[in-house]
**Q** 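First, the structure itself, so that you have it in front of you.
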Amino acid sequence: MELIDGKKIAGQIKEELAAGVSRLVAAGKKVPHLAAVLVGDDAASETYVASKVKACQAVGMKSTALRYPATITEEQLLEVIDRLNGDDDVDGYIVQLPLPRHVREERILERVDPAKDVDGFHPFNVGKMTLGLPAYLPATPAGIVELLARHGVETAGKHCVVVGRSNIVGTPVAVLMSRKAARANCTVTLCHSRTPDIRSFTLQADILIVAIGSPRFITADMVKEGAVVVDVGIHREPSATTKSGFRLVGDVDFDAVAPRCSAITPVPGGVGPMTIVSLLRNTLLAANR
Ligand code: GUN
């Protein structure tokens, strides 16, 4: 069993991105600038945005985190979006999800200028991605494709089973893996919460991508011997053996599943770091335009 080291691969990509930023600045362009809109005080969102800000610093990009209380109205948030769309210093920005329940996510995401939509969540960019046209690809799916390619996982002709159909991960990664393109060309099955007997599908997977949002959902009996497993989940679990009193676990029961795999991503240090570098890559693309 090989560990797919997302942290190491993301480190290499960060060096490439830092070189890209240097080239841009040496050519007299401004420093690429990513902004992140954070609404409310969701602990996980705080952590993600802090990681994104730190990663920007590491590659020489500028970043701004814009924080608003959970009581912000939809109209007020739309004004924030309009300001960012009109701010020439901001090359790209993201609206960290989830948003409070009283704010309609689609309404906010549709207001983002597609040219600054480095999360790739605007319907225009989702449409372009689905058609195989150049677009900002959503960060986690793009990170997974990059991770498999750089680890040397052959995808053409393989059966890729995706578990989870979210707009952020499951649905777009199913689209990317099935495209007629290098690093893709898989036969894809998309399983979700209403799939009966999920195990009968996951057992067929040469490549199993799990983004169901449920800790240790995938157990050893659900995985074919020799499969490649990509775990997108990240959950905090109380632990008596760590100093912090908790540990991070994924959607895959790693200890039981790993011995069956030819390769598997760890949590943490697998998909997470790749998501962040994908976002930075989109920001560099935006700055180059
Ligand atoms: N929430 C969970 N993942 C993401 C992501 O990739 N982008 C944004 N904006 N919010 C998220």
Side-chain angles (χ1 to χ4, degrees), residues 1-13 48 120 129 137-179 181-192 195 198-199 201-220 222-235 248-279:
M1 184 275 297
E2 287 174 8
L3 214 53
I4 303 179
D5 192 342
K7 194 172 171 197
K8 182 169 140 208
I9 292 171
Q12 292 161 358
I13 296 172
Y48 295 145
M129 173 197 70
L137 300 180
T140 301
I144 292 169
V145 170
E146 190 71 34
L147 189 58
L148 292 173
R150 294 211 186 203
H151 189 79
V153 175
E154 178 57 67
T155 55
K158 298 290 158 70
H159 187 185
C160 174
V161 177
V162 178
V163 182
R165 58 176 154 185
S166 70
N167 289 342
I168 295 182
V169 185
T171 297
V173 84
V175 169
L176 291 181
M177 296 303 287
S178 63
R179 289 211 292 202
R183 310 166 148 207
N185 278 317
C186 286
T187 303
V188 174
T189 301
L190 180 54
C191 301
H192 47 73
T195 303
I198 284 194
R199 177 172 175 271
F201 296 98
T202 59
L203 271 175
Q204 298 176 42
D206 302 311
I207 300 171
L208 179 62
I209 301 176
V210 192
I212 192 81
S214 182
R216 300 178 205 268
F217 181 85
I218 298 292
T219 47
M222 299 170 80
V223 179
K224 179 168 82 174
E225 191 75 42
V228 173
V229 174
V230 176
D231 187 353
V232 183
I234 184 153
H235 313 274
L248 296 173
V249 300
D251 289 353
V252 175
D253 184 1
F254 184 91
D255 294 340
V257 168
R260 299 186 64 76
C261 301
S262 60
I264 183 169
T265 63
V267 175
V271 174
M274 295 301 296
T275 295
I276 293 179
V277 293
S278 299
L279 177 66

**Q** In the structure I gave you, are the side-chain heavy atoms of Leu147 and His151 within less than 4.5 Å of one another anywhere?
**A** no

**Q** Pick one: which of Asp231, Val229, Asp251, Val223 meets side-chain contact (heavy atoms from CB on, under 4.5 Å) with Ile218?
**A** Val223

**Q** For Val257 and Cys261, work out which heavy atoms get closest and say how close.
**A** O-SG, 3.4 Å

**Q** Flag the pair Ile264 / Phe254 as yes when at least one side-chain heavy-atom distance between them is below 4.5 Å, and no otherwise.
**A** yes

**Q** Can you list the residues that meet the side-chain contact (heavy atoms from CB on, under 4.5 Å) rule with Thr189, with sequence neighbours excluded?
**A** His159, Val161, Cys191, Phe201

**Q** Got a sec, which residues hit side-chain contact (heavy atoms from CB on, under 4.5 Å) with Asn167, two or more places apart in sequence or on another chain?
**A** none

**Q** Going through the checks in order, is the side-chain contact (heavy atoms from CB on, under 4.5 Å) test met by Val271 and Val230?
**A** CA-CA 8 Å; Val271 174; Val230 176; 3.5 Å; yes

**Q** Under the side-chain contact (heavy atoms from CB on, under 4.5 Å) rule, what do Val162 and Met177 come out as? Steps first, then yes or no, please.
**A** CA-CA 10 Å; Val162 178; Met177 296 303 287; 5.5 Å; no

**Q** Does Ser166 reach the main-chain N or O of Val169 with its side chain, forming a donor-acceptor pair under 3.5 Å?
**A** yes

**Q** Are any of the side-chain nitrogens in Lys158 or Glu154 under 4.0 Å away from the carboxylate oxygens of its partner?
**A** no

**Q** Are side-chain heavy atoms of Ile209 and Val232 found at a separation under 4.5 Å?
**A** yes

**Q** Any sub-3.5 Å donor-acceptor pair from Arg150's side-chain atoms to Ala10's backbone N or O?
**A** no

**Q** If we only count heavy atoms from C-beta on, is the Pro172 to Leu176 side-chain gap below 4.5 Å?
**A** no

**Q** Any chance you could lay out the side-chain contact (heavy atoms from CB on, under 4.5 Å) test for Ile13 and Met274, step after step, and finish with the verdict?
**A** CA-CA 9 Å; Ile13 296 172; Met274 295 301 296; 3.7 Å; yes

**Q** With sequence neighbours left out, what residues match Asp253 under salt bridge (Lys or Arg N to Asp or Glu O under 4.0 Å)?
**A** Arg216

**Q** With the side chain counted from C-beta on, respond yes when Phe217 and Thr202 share a heavy-atom pair under 4.5 Å apart, and no when they do not.
**A** no

**Q** List the atom of Ser278, the atom of Ala139, and the distance in Å for their closest heavy-atom pair.
**A** OG-O, 3.1 Å

**Q** Is the closest side-chain heavy-atom distance between Arg183 and Leu148 below 4.5 Å?
**A** no

